[in-house]
Amino acid sequence: MKKGNNIYFIIISFILGIFSNYIITQFKYFKVDLEVNLVETVISLITAVVGIYIATSLNKFHTRSVNLHNYLQPKLDSIWISFTNFNSQLVSKDFIEISEIARITKEFDLNIEPLKQMFSSFNLNHECLNAIEVEIESLVKFITDNPKINPISKNIVNYSASSSEIKRRTNLVNEKFALAIKNINNIV
Amino acid sequence: MIEINIAKDFTTEPGARTYDDGPYSGQEFYDLLLEPKFAEAIKRQVKLKIILDGTEGFASSFLNEAFIRLGDKYGSDVVWNNIILISEEIPKYITKVKESIYEKRK
């Protein structure tokens, strides 16, 4: 709705509010008292003003929440998409270069940190983002730092023996992403 | 002050933990740069500045291996009090290094 239309809507609602309030307070045994009672009129006016104040405050709060949601969700979505690509890479092969996994992890860290700062600046709990970070670190550590299960040679990790465990861990990361998205949706 | 810039002085693509894992491992970094430069810093009574920015990223095993060795050899407090870590890109690398310095090898 345009700003101009919104103002007209508020003014019309304001006048209708005063009028209906006046009629209701004057309603006695199906007779309408046409004399203006100053005290009751003032009370009606104050009630209407308070009503408008509450309505506009709620509207502002809702708009702020929607904006915040629309700002944060695409950022988390893009991080999730990056993780999904990484996951596809893990599934499609049974080896990965250490430099590749380090690059992906660094990119993830570079993206999640500003998002955490945004959560903090809007007084939102970023525990859900910490949980994603912990699960991804755990997954990467499992792949790159388990030479008995995932041998490394020439900086290439072979994880063919642990594909089911990697799948379990990537599912855990996806669960954490889903929880974070749910938290962002709860803002609205 | 003595300085090590990992990206410039060692590699932009650090490897994994040991020589067996491949080139540019944490062990190699420790042997070629970290330990000699730290020893020199201690000898000259200056701090060792280590710049972690500029690489493609670190496998946690690289940092862990290099700094756990340094902590084992010189003592955790001595190492921690004589190095300055710079990691503006990923600040949490500093926490990882500190954890490694104070970690005891099993």
Please report the interatomic distance OG(B:S61) to CG(A:N146), rounded to the nearest 0.5 Å. 10.5 Å
Is the closest basic N to carboxylate O distance between A:E113 and B:K92 below 4.0 Å? no
Are A:I10 and A:V49 linked, directly or through intermediate hydrophobic residues, by side-chain heavy-atom contacts shorter than 4.5 Å (ILVMFWY only)? yes
Let me know if A:T105 has heavy atoms under 4.5 Å from chain B in its side chain, its backbone, both or neither. neither
If you count the non-hydrogen atoms of other residues, nucleotides and ligands that lie under 6.0 Å from OH in B:Y102, is the total more than 12? yes
Pairwise side-chain contact, B:P23 with A:N155, heavy-atom cut-off 4.5 Å (strictly under): yes
Identify whether the distance between the nearest side-chain nitrogen and carboxylate oxygen of A:K106 and B:E89 falls below 4.0 Å. yes
Chain B interface, residue from A:I104, A:I101, A:I152 that has the most non-hydrogen pairs under 4.5 Å: A:I152
Taking only residues at least two apart or on different chains, which pairs with a member in residues 158-167 of chain A satisfy salt bridge (charged side-chain N to carboxylate O under 4.0 Å, His left out)? A:E165-A:R168, A:E165-A:R169
Applying a strict under-4.5 Å side-chain criterion to I, L, V, M, F, W and Y, I'd like to know whether A:L139 and A:F95 cluster together. no
Winner by heavy-atom pair count (cut-off under 4.5 Å) against chain A, out of B:G15, B:P14, B:S25: B:G15
Verify the cluster assignment for A:M118 and A:I112: are they in a single hydrophobic cluster under the rule of side-chain heavy atoms below 4.5 Å apart? yes
Answer with yes or no whether the hydrophobic clustering places A:L72 together with A:F108; edges join I, L, V, M, F, W, Y residues whose side-chain heavy atoms lie under 4.5 Å apart. yes
B:A59 to A:A102 - nearest heavy-atom pair and separation: N-CB, 3.9 Å
Check whether B:F62 gets within reach of chain A through its side chain, its backbone, both or neither, counting any heavy atom under 4.5 Å. neither
Residues A:L110, B:I90; criterion side-chain contact (heavy atoms from CB on, under 4.5 Å); working and verdict: CA-CA 7 Å; A:L110 284 171; B:I90 312 288; 3.7 Å; yes
Working to the nearest 0.5 Å, report the span between CG of B:N64 and CG of A:D145. 6.5 Å
Taking A:I149 as the starting point, is it possible to reach A:I98 by hopping between hydrophobic residues whose side chains are less than 4.5 Å apart? yes
Are A:K141 and B:S60 packed together at the side-chain level, in the sense that at least one heavy-atom pair is separated by less than 4.5 angstrom? yes
Close contacts, residues 31-51 of chain B versus chain A, judged by heavy atoms under 4.5 Å: none
Please state whether the side chain, the backbone, both or neither of B:D21 comes within less than 4.5 Å of a heavy atom of chain A. both
Rounded to the nearest 0.5 angstrom, the CD-CD distance for A:E100 and B:E13 is 9.5 Å
Does atom OH of B:Y24 have more than 12 heavy-atom neighbours, drawn from other residues, nucleotides or ligands, at distances under 6.0 Å? no
Show your reasoning for whether side-chain contact (heavy atoms from CB on, under 4.5 Å) applies to B:E56 and A:E107. CA-CA 9 Å; B:E56 292 291 310; A:E107 191 185 307; over 6 Å; no
Can you confirm whether more than 12 heavy atoms, excluding those of B:K8, are under 6.0 Å from its NZ atom? no
